[in-house]
Number of protein chains: 2
Amino acid sequence: MDERDMEIEGMIIGNDGEEERLERYTSGSAEDKDSLRQPLLLKNARINNTSQLAIVGANVCPIESLDYEIIENDLFKQDWRSRTKDEIVQYIFLKWTLALLIGLGTGVVGFLNNLAVENLAGFKLLLTNSLMLKQKYYQAFAAYAGCNMVLAFAAAALCAYVAPAAAGSGIPEVKAYLNGVDAPSILAPSTLFVKIFGSIFGVAAGFVVGKEGPMVHTGSCIAFLLGQGGSRKYRLTWKWLRYYKNDRDRRDLITCGAAAGVAAAFRAPVGGVLFALEEAASWWRSALLWRTFFTTAVVAVVLRGLIEFCRSGNCGLFGQGGLIMFDVNSAKPVYSTPDLLAVILLGVIGGILGSLYNYFVDKVLRTYSIINEKGPSLKIVLVLAISLLTSCCSYGLPWFSQCIPCPDYLGDDQCPTGRSGNYKNFQCPPKYYNDLASLFLTTNDDAIRNLFSSASDKEFQLSTLLTFFVAIYCLGIITYGIAVPSGLFIPVILAGASYGRLVGTFLGSFTSLDAGLFGLLGAASFLGGTMRMTVSLCVILLELTNDLLVLPLVMLVLLISKTVADCFNKGVYDQIVKMKGLPYLEAHAEPYMRNLVASDVVSGPLVTFSGVEKVGTILHILKVTKHNGFPVIDETPFSAAPQLCGLVLRSHLLVLLKGKKFTKQRVRVASGIMRRFIANDFLKPGLGKGIQLEDLDIKAEEMEMYVDLHPISNTSPYTVVETMSLAKAAVLFRELGLRHMLVVPKTLERPPIVGILTRHDFMAEHILGLYPQLDPHKKQP
Amino acid sequence: MDERDMEIEGMIIGNDGEEERLERYTSGSAEDKDSLRQPLLLKNARINNTSQLAIVGANVCPIESLDYEIIENDLFKQDWRSRTKDEIVQYIFLKWTLALLIGLGTGVVGFLNNLAVENLAGFKLLLTNSLMLKQKYYQAFAAYAGCNMVLAFAAAALCAYVAPAAAGSGIPEVKAYLNGVDAPSILAPSTLFVKIFGSIFGVAAGFVVGKEGPMVHTGSCIAFLLGQGGSRKYRLTWKWLRYYKNDRDRRDLITCGAAAGVAAAFRAPVGGVLFALEEAASWWRSALLWRTFFTTAVVAVVLRGLIEFCRSGNCGLFGQGGLIMFDVNSAKPVYSTPDLLAVILLGVIGGILGSLYNYFVDKVLRTYSIINEKGPSLKIVLVLAISLLTSCCSYGLPWFSQCIPCPDYLGDDQCPTGRSGNYKNFQCPPKYYNDLASLFLTTNDDAIRNLFSSASDKEFQLSTLLTFFVAIYCLGIITYGIAVPSGLFIPVILAGASYGRLVGTFLGSFTSLDAGLFGLLGAASFLGGTMRMTVSLCVILLELTNDLLVLPLVMLVLLISKTVADCFNKGVYDQIVKMKGLPYLEAHAEPYMRNLVASDVVSGPLVTFSGVEKVGTILHILKVTKHNGFPVIDETPFSAAPQLCGLVLRSHLLVLLKGKKFTKQRVRVASGIMRRFIANDFLKPGLGKGIQLEDLDIKAEEMEMYVDLHPISNTSPYTVVETMSLAKAAVLFRELGLRHMLVVPKTLERPPIVGILTRHDFMAEHILGLYPQLDPHKKQP
């Protein structure tokens with residue numbers, strides 16, 4: 001991440017190494033910002049912090065937790081009571097308008113992405129082809145590799161210098177965000193910009209990468225941008241959109257955005273909704289289903305309209321295909337027991353290969369992160385190297401393939417003549433085609449279309465499919481992790497489809513299913529083996545191929561490959577989330593948590609405030625700790641015995657201090673005095689818009705004055721008794737999407753609060769660090 | 001519900017009217033069993049208690065809450081620690097085996113249902129047709145109406161005498177069960193039996209009812225039966241299936257069952273999963289998605305296999321169609337702005353008509369419940385009356401329709417000749433057909449197929465469609481609520497399709513979309529207007545019709561009709577749940593709850609036990625209260641000051657008392673003494689298998705002895721502080737699926753527990769009864 005960029009965005013970057021780490025362990029009110037950095041990433045700091053993506057450099061990594069709790073304090077309650085019916089209607093209207101805008105935006109971006117890629121790649125391929133026809137083979141390679149390198153350089157430069165967070169798929173980060181982890185600038189406008197253009201250049205450069213992950217990320221960025229009412233930095237602000245100033249509403253918007261992204265990438269509206277539900281979202285509710293569905297419907301309508309518009313030929317090289325990307329149109333599949341056995345075998349091997357893919361991706365990512373850490377220029381060199389390698393493979397390997405005569409059922413005019421089409425001449429004479437070139441020297445989408453086609457089993461030779469499979473499998477693995485926006489879907493589908501078609505062609509006469517269908521099933525098996533989704537993949541594949549009759553087969557393959565792959569490792573996105581050190585909360589509690597109680601993982605003394613606190617004390621504590629939530633304790637004279645009043649957030653304290661409504665005496669203020677503040681002041685601001693500690697200008701005499709924290713304290717924080725089973729506390733924390741959970745004492749003689757549990761305290765690394773004997777993977781002595 | 005049936009099932013039926021109600025208001029530890037009966041149903045007891053379904057008679061209505069909390073007591077913890085790896089593997093294996101069995105069972109039942117209906121209805125129609133051909137019109141009517149009445153009588157007799165709970169759709173009850181409300185015998189084996197056969201007879205009798213609701217209910221019953229390891233009553237028990245003895249695991253199984261039901265009814269595996277997710281389930285998690293998906297995949301495979309088997313002609317009159325029920329196969333739809341306007345209008349009117357349908361269904365249900373309450377014989381009379389009316393409509397109305405010449409594109413041999421087919425002669429000469437008879441005198445499935453067909457716009461006249469629409473709309477409304485298993489999907493689809501085709505035919509030349517597509521969109525608009533589902537309906541319709549290209553249009557229509565209908569009333573299932581008085585917990589807290597705190601809705605003194613309690617006291621309290629959970633308080637000498645030890649459940653107390661491990665002195669027992677019990681004893685038994693109060697045989701001297709409650713106390717109950725906002729307490733209660741939530745005091749001088757909140761305390765009726773000034777629908781004075 002660029003230092004300059006961050007400063008402008010207005011973030012505080014804690015530049016403190018060792019002392020922070022110590023503080024974490026001596027302080028109970030765990031602050032996510034720093035606590036999450038060290039303990040999690042301690043053992044293996046280099047690798048975890050320096051993945052190819054956003055989190056470059058361990059000391060500039062302010063991972064924030066999000067807070068989905070409804071805050072019930074005096075001010076917000078008052079605000080809620082005074083809300084008129086008009087305002088509520090306006091809010092609902094805005095919600096749907098935003099969903100519409102997200103749909104429109106993502107749809108248009110998705111379409112433009114497609115348009116740009118097809119024109120850029122089409123131009124590149126036409127140029128290469130025309131040189132090939134003139135038999136200028138070296139020039140053709142130079143042109144091909146040159147175009148690729150230029151495009152790759154553009155993508156890499158954008159990623160390396162403008163927004164490093166835009167590299168990679170983006171789905172793991174969106175998934176983490178929806179789980180409550182806010183990685184830095186992952187949804188910033190600059191990331192959006194780079195994601196869009198980087199993805200176009202990267203895909204057009206012929207890399208084995210897809211556009212779906214980036215589209216999901218793009219959709220989420222658009223949603224975030226709209227949700228915070230534009231960007232102040234780029235002077236794009238809409239006043240009337242500034243309603244969504246809390247993490248809950250933003251989470252909902254970003255869920256819609258992620259769904260819209262899949263819908264735009266695959267033209268699969270229902271699949272998009274299911275993807276958001278199954279893979280992206282950690283919290284879900286019925287109302288959200290409907291809103292997401294609306295968003296993806298808008299995307300479908302936009303795409304359909306734009307595709308119709310392009311049909312008249314005014315979009316350059318774009319124009320083939322409608323809303324269904326790979327219309328396989330197979331005959332009614334009739335299958336018998338041997339076919340089923342073949343399909344089961346396909347699923348098993350697909351599952352194994354898929355989990356192996358995950359394994360290698362993980363290893364490669366860890367290796368690349370060492371290179372990427374060394375600076376932007378090395379990142380670009382890596383990208384260029386991979387680009388050259390990809391070009392060599394695509395251009396070099398087809399030379400080893402034989403020329404195949406053009407099939408009879410194609411008329412003379414349909415045989416390859418240099419224009420774009422299913423079959424490529426390459427070095428072959430007219431009326432012949434090179435089958436490997438037909439897969440390599442084309443866009444990824446067209447290659448998939450070829451592999452799914454069921455025109456003839458003999459279309460591609462066994463050796464061709466084997467070569468292509470091995471090449472794509474390896475290129476896919478080494479490409480993910482370089483500094484370009486790179487989706488994982490397309491490489492996996494490509495590898496899977498060639499693997500499936502290979503099996504289908506190999507079995508040939510033993511099975512009555514055609515090779516194109518095997519290609520589809522192979523793609524399903526690979527997707528199941530890497531992504532580990534089920535329903536959403538099933539629906540996405542259906543929407544991609546428009547073939548409902550193969551549904552039982554696709555379901556079967558997905559189930560088998562997922563089951564097999566789950567025996568070896570986790571899904572690829574979960575793996576990346578873990579590798580990046582994002583503190584992802586699983587939906588279920590781990591078994592070892594049953595042996596612990598809540599107070600077992602609470603550590604150190606606690607920082608609390610009095611109900612009416614001295615300004616100087618607050619300021620000092622805000623300075624020396626990075627905690628984000630502070631319990632407020634009422635003491636004499638405000639209550640007979642010390643008792644818990646509530647929880648106050650750092651951001652709210654800053655607003656309060658900025659307002660300077662201090663009193664000389666230690667007294668509770670009347671509610672009237674708070675009129676100066678309105679609830680809106682305390683809503684969570686957008687990226688880089690919050691008040692910072694440095695913004696405060698407190699005079700020396702004000703330091704000795706008092707401020708009443710009651711009106712801004714969340715008086716209904718969720719609490720657990722200290723003897724509560726940790727497993728049950730974890731369920732509570734996760735299900736309600738909390739950021740802070742207060743632990744209260746069981747007996748009466750103790751102070752009113754024992755400690756605070758945060759996301760960090762539920763992480764396996766933290767708990768097993770404290771209680772290594774519970775580690776299930778460790779041998780008991 | 002039959003009194004005899006209940007006694008055999010072993011349920012305690014509290015036959016206590018007034019005193020129970022008083023007790024409820026004087027006692028804090030609210031017991032769902034009785035508390036839910038009175039306050040909710042008080043105002044309008046007759047109507048709410050006597051809906052056409054299970055809950056007949058206000059004083060025999062033991063609605064139970066389900067408890068999804070993980071109980072952490074000493075015994076269970078010990079059990080968990082001692083679990084071997086083998087047992088865990090066995091558990092996982094069982095989980096998947098059960099999912100497989102549910103899929104198999106539901107698939108087979110679904111297929112047999114189809115087979116039986118098509119053969120019964122086919123026989124009836126053939127008989128009528130052959131008499132028509134001989135021009136014996138009166139005899140034909142007699143045969144037709146007679147067959148209908150006999151079948152209707154069979155269905156009604158089963159419902160009225162064997163299992164009243166089997167009447168109606170069953171989806172509202174399943175929905176309530178999955179929300180945590182256990183209505184009596186709703187999933188009992190007798191209900192399953194009647195549901196299967198009643199549905200076959202009811203649909204074959206020509207009623208305007210569907211088989212989907214009943215299939216969902218059937219699937220859930222199968223799941224429940226398998227989950228509790230068979231039925232002791234019917235001597236069907238599998239020892240090795242008795243693992244699923246808690247509400248959580250049963251809930252998951254029943255979710256799978258509901259999904260399997262939809263998958264079997266519509267042959268829509270993905271639609272089934274989404275239905276379970278969107279409409280049925282209240283709690284959802286990712287692991288469940290996968291299991292549900294597996295179950296519906298099994299259903300799809302089973303159905304496919306059986307349909308293939310029947311293709312060879314050995315299933316009587318069954319045989320048409322494959323896995324896609326209504327293969328519409330329309331041409332590529334190309335639509336322009338006027339078409340879109342027509343579709344939007346269709347959606348708006350469809351939404352209005354749909355919500356009107358809900359309104360009338362509600363009114364009719366309330367009327368019928370008065371009749372149904374009067375006894376089984378009156379129920380049967382009502383069914384027969386409706387059957388006769390339906391027969392008159394189906395047979396009488398086609399006489400007013402004109403004869404239409406057989407269309408040219410049908411060959412001479414395809415024109416109607418009396419055999420079953422798309423077109424019916426009725427009274428017309430050969431080479432002519434009666435279009436209204438082609439819709440009425442056929443099975444519901446065939447009628448839908450006709451309405452969706454896009455052969456020709458002129459196939460059905462405007463007047464025919466109008467007559468059919470009005471007749472089906474009215475018949476559908478008056479049929480739901482009679483004592484036969486009756487789904488709502490098919491009537492709504494039929495009415496919607498005729499309405500859509502009517503609009504399509506009317507617009508005729510103004511639109512380029514064909515009438516069959518309008519039929520489909522009309523059905524979508526009606527479904528959206530009544531059921532208010534979105535994604536699941538969309539996918540179900542896609543899977544029914546195999547036409548992905550109309551997806552954007554279907555989405556549009558569904559969104560519009562749902563939005564319009566939501567302005568008027570709730571979805572039909574929610575409405576029925578409410579009408580039946582089932583205490584359904586909504587996913588969100590109501591706004592007025594923000595003005596209250598947890599202790600505001602806790603009422604009366606509390607019944608608690610000591611950590612070591614006298615047997616006589618326990619027995620007495622179990623007798624005089626119906627509470628289901630009791631807080632356990634540790635007092636001196638076991639702790640310095642009174643403190644909360646945990647929560648003990650009635651069922652666990654009964655097991656403990658039955659075990660008779662009492663001590664003479666008031667001492668805590670060593671853990672060794674509990675070895676007599678194993679954790680399995682305390683798991684929740686199946687229907688009617690639990691220990692009852694009457695089963696205990698405690699001697700007089702034992703009454704004076706003590707029993708230690710510590711080992712069976714749930715030591716980690718979820719608690720809230722008394723000052724917690726009620727809205728936030730409600731969110732906690734709902735999200736975690738609790739049955740009891742303990743309210744603890746804020747200050748220290750008070751006893752360690754203030755009260756217990758149960759499902760009842762979060763019901764609008766209860767809260768607004770206590771605080772009528774908060775009612776948003778009430779005018780403030």
Side-chain angles (χ1 to χ4, degrees), chain A residues 70 72 77 80-81 269-270 273-274 277-278 284-286 289-290 293-294 296-297 300-301 304 322-324 534-535 538-539 542-543 546 548-549 551-552 555-556 559 562 587-588 591 594-595 597 640-641 643-644 715-716 718-721 723-725 727-728 731-732 735-736 744 746-748, chain B residues 70 72 77 80-81 269-270 273-274 277-278 284-287 289-290 293-294 297 300-301 304 322-324 534-535 538-539 542-543 546 548-549 551-552 555-556 559 562 587-588 591 594 597 639-641 643-644 715-716 718-721 723-725 727-728 731-732 735-736 744 746-748:
Chain A
I70 304 156
E72 296 253 1
K77 269 189 190 164
W80 171 76
R81 279 199 206 99
V270 180
V273 174
L274 288 176
L277 166 65
E278 187 175 358
W284 193 260
R285 53 209 176 80
S286 202
L289 191 70
W290 193 25
F293 188 69
F294 172 72
T296 60
V301 169
R304 200 182 183 287
L323 213 53
I324 308 294
T534 50
V535 189
C538 198
V539 173
L542 280 186
E543 290 190 281
N546 194 20
L548 263 165
L549 288 161
L551 184 61
M555 291 176 90
L556 188 71
L559 280 168
K562 178 176 154 71
H588 54 271
R594 288 195 179 198
N595 290 330
V597 296
Q643 70 176 31
L644 179 66
T715 50
S716 294
Y718 286 106
T719 56
V720 289
V721 179
T723 54
M724 180 75 146
S725 152
K728 293 183 78 173
V731 169
L732 171 63
E735 291 293 320
L736 300 182
V744 295
K746 185 165 185 148
T747 50
L748 308 173
Chain B
I70 305 158
E72 296 253 1
K77 267 189 190 162
W80 171 75
R81 279 198 207 99
V270 180
V273 173
L274 290 176
L277 166 65
E278 186 175 359
W284 193 261
R285 53 210 177 79
S286 202
L289 192 71
W290 193 25
F293 188 67
F294 173 72
V301 170
R304 200 182 182 287
L323 213 54
I324 308 292
T534 49
V535 189
C538 197
V539 173
L542 280 186
E543 290 190 282
N546 194 20
L548 264 164
L549 289 161
L551 184 61
M555 291 175 91
L556 188 70
L559 281 168
K562 179 177 153 72
H588 55 272
R594 289 195 179 195
V597 296
S639 80
Q643 70 176 34
L644 179 67
T715 50
S716 295
Y718 285 106
T719 56
V720 289
V721 180
T723 53
M724 179 75 147
S725 152
K728 293 183 79 173
V731 169
L732 171 62
E735 290 294 320
L736 300 182
V744 295
K746 185 164 184 147
T747 51
L748 307 173

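Labels below follow one simple rule: chain letters A, B, ... track the order of the sequence lines, proteins then strands, and each chain is numbered from 1. None of the values given here were measured: they were computed from a predicted structure.
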Next on the checklist: Could you report the tightest heavy-atom contact between Tyr718(B) and Lys728(A), atom names first, then the distance?
Outcome noted: OH-O, 2.7 Å
Next on the checklist: So for Leu289(A), is it side chain, backbone, both, or neither that comes closer than 4.5 Å to the heavy atoms of chain B?
Outcome noted: both
Checklist outcome for this item: Comparing Thr715(A), Asn595(A), Val273(A) against chain B, the one with the most heavy-atom pairs below 4.5 Å turns out to be Asn595(A)
Checklist entry - Between Met555(A), Gln643(A), Glu278(A), which has the largest tally of heavy atom pairs under 4.5 Å with chain B? => result Met555(A)
Checklist entry - Which bit of Ala727(B) is near chain A, if near means a heavy-atom gap under 4.5 Å: side chain, backbone, both or neither? => result side chain
Item to check | Segment of Leu559(A) engaging chain B (4.5 angstrom heavy-atom cut-off) | outcome: both
Next on the checklist: Quick check for you: among Val721(A), Leu732(A), Thr719(A), which has the greatest number of heavy-atom pairs under 4.5 Å with chain B?
Outcome noted: Leu732(A)
Next on the checklist: Test your reading of the model: is there a side-chain donor-acceptor pair from Lys562(B) to the backbone of Trp290(A), 3.5 Å cut-off?
Outcome noted: no
Next on the checklist: Is the shortest side-chain heavy-atom distance between Val539(B) and Val539(A) below 4.5 Å?
Outcome noted: no
Next on the checklist: Need one label for Ala587(B): side chain, backbone, both or neither, based on atoms under 4.5 Å from any heavy atom in chain A.
Outcome noted: neither
Checklist entry - Got a sec, which residues hit ring-ring contact (aromatic ring centres under 6.0 Å, His included) with Phe294(B), two or more places apart in sequence or on another chain? => result Trp96(B)
Checklist entry - Quick check: does any side chain N or O of Ser716(B) sit under 3.5 Å from a backbone N or O of Ser725(A), one acting as donor and the other as acceptor? => result yes
Checklist entry - Taking only residues two or more places apart in sequence, or in another chain, which ones meet Leu277(B) in a side chain to side chain contact (heavy atoms under 4.5 Å, CB included)? => result Leu277(A), Leu274(B), Trp284(B)
